[in-house]
Amino acid sequence: LTPADHVGKTVAEATPAAAAAVDPVVRLVGYTGHPVLNLEVRAAPASDPGREHIYLVSYHPAPGAVGDRPGVGVVVTDITDREEARALAR
């Protein structure tokens with residue numbers, strides 16, 4: 001899905017495989033209005049199912065993101081290559 005394809009969708013609709021892990025954080029941010037920053041998540045993406053990737057994920061409140069409902073913005077950065085390079089350098 002492109003970023004635009006995620007707008008207005010629940011976590012389960014946008015990323016069904018990650019919903020169980022992601023949904024509680026999205027609900028927390030939506031309820032408290034406080035961001036959750038730099039959470040490290042490990043998962044094998046559908047585009048590379050045989051390899052676990054490491055992601056740095058930040059969630060932030062996005063008031064009025066979908067009509068009148070508050071939303072939660074998510075920024076995901078794949079840090080797999082960086083972490084593998086660090087491991088090799090040790």
Side-chain angles (χ1 to χ4, degrees):
L1 294 176
T2 67
D5 292 332
H6 287 80
V7 175
K9 290 187 170 42
T10 66
V11 174
E13 292 168 337
T15 55
V22 174
D23 194 53
V25 182
V26 169
R27 290 182 186 278
L28 176 70
V29 172
Y31 178 76
T32 65
H34 297 290
V36 172
L37 305 174
N38 301 322
L39 185 64
E40 191 173 291
V41 176
R42 294 172 181 262
S47 61
D48 193 6
R51 181 177 177 220
E52 181 180 74
H53 285 236
I54 306 167
Y55 301 96
L56 201 56
V57 186
S58 293
Y59 305 82
H60 56 89
V66 181
D68 291 334
R69 296 182 331 200
V72 175
V74 182
V75 176
V76 180
T77 304
D78 188 333
I79 60 170
T80 306
D81 292 340
R82 180 182 82 185
E83 293 303 307
E84 288 175 351
R86 280 186 179 169
L88 289 172
R90 291 185 198 142

Side chain to side chain, Leu28 and Tyr59, heavy atoms closer than 4.5 Å: no
Val74 side chain reached by Val57 side chain, heavy atoms, under 4.5 Å: yes
Considering all heavy atoms, the nearest Gly73-Ala62 contact: N-CB, 4.1 Å
Heavy-atom pair of closest approach, residues Ala20 and Pro24: O-CD, 3.3 Å
Same apolar cluster: [X] and [Y], side chain cutoff 4.5 Å:
X: Val75; Y: Tyr55; result: no
X: Val29; Y: Leu39; result: yes
X: Val26; Y: Val76; result: yes

Counterpart residues, salt bridge (charged side-chain N to carboxylate O under 4.0 Å, His left out), relative to Arg86 (two or more places apart): Glu83
Pair listing, salt bridge (charged side-chain N to carboxylate O under 4.0 Å, His left out) test, anchored in residues 29-38, at least two apart: none
Qualifying salt bridge (charged side-chain N to carboxylate O under 4.0 Å, His left out) pairs, either residue in residues 28-39, two or more places apart: none
Pairs flagged by side chain to side chain donor-acceptor pair (under 3.5 Å) wherever residues 21-36 is involved - sequence neighbours left out: Asp23-Arg27
Side-chain hydrophobic cluster, 4.5 Å single linkage: members besides Ile79: Ile54, Leu56
Leu88: hydrophobic cluster co-members (side-chain, 4.5 Å): none
With Glu52 via side-chain contact (heavy atoms from CB on, under 4.5 Å) - residues at least two apart: Arg42
Test side-chain contact (heavy atoms from CB on, under 4.5 Å) applied to Pro35 - qualifying residues, sequence neighbours left out: Leu37, His60, Pro61
Side chain to side chain donor-acceptor pair (under 3.5 Å) partners of Asn38, counting only residues at least two apart: none
Qualifying residues under side chain to side chain donor-acceptor pair (under 3.5 Å), relative to Asp78, sequence neighbours excluded: His53, Thr80
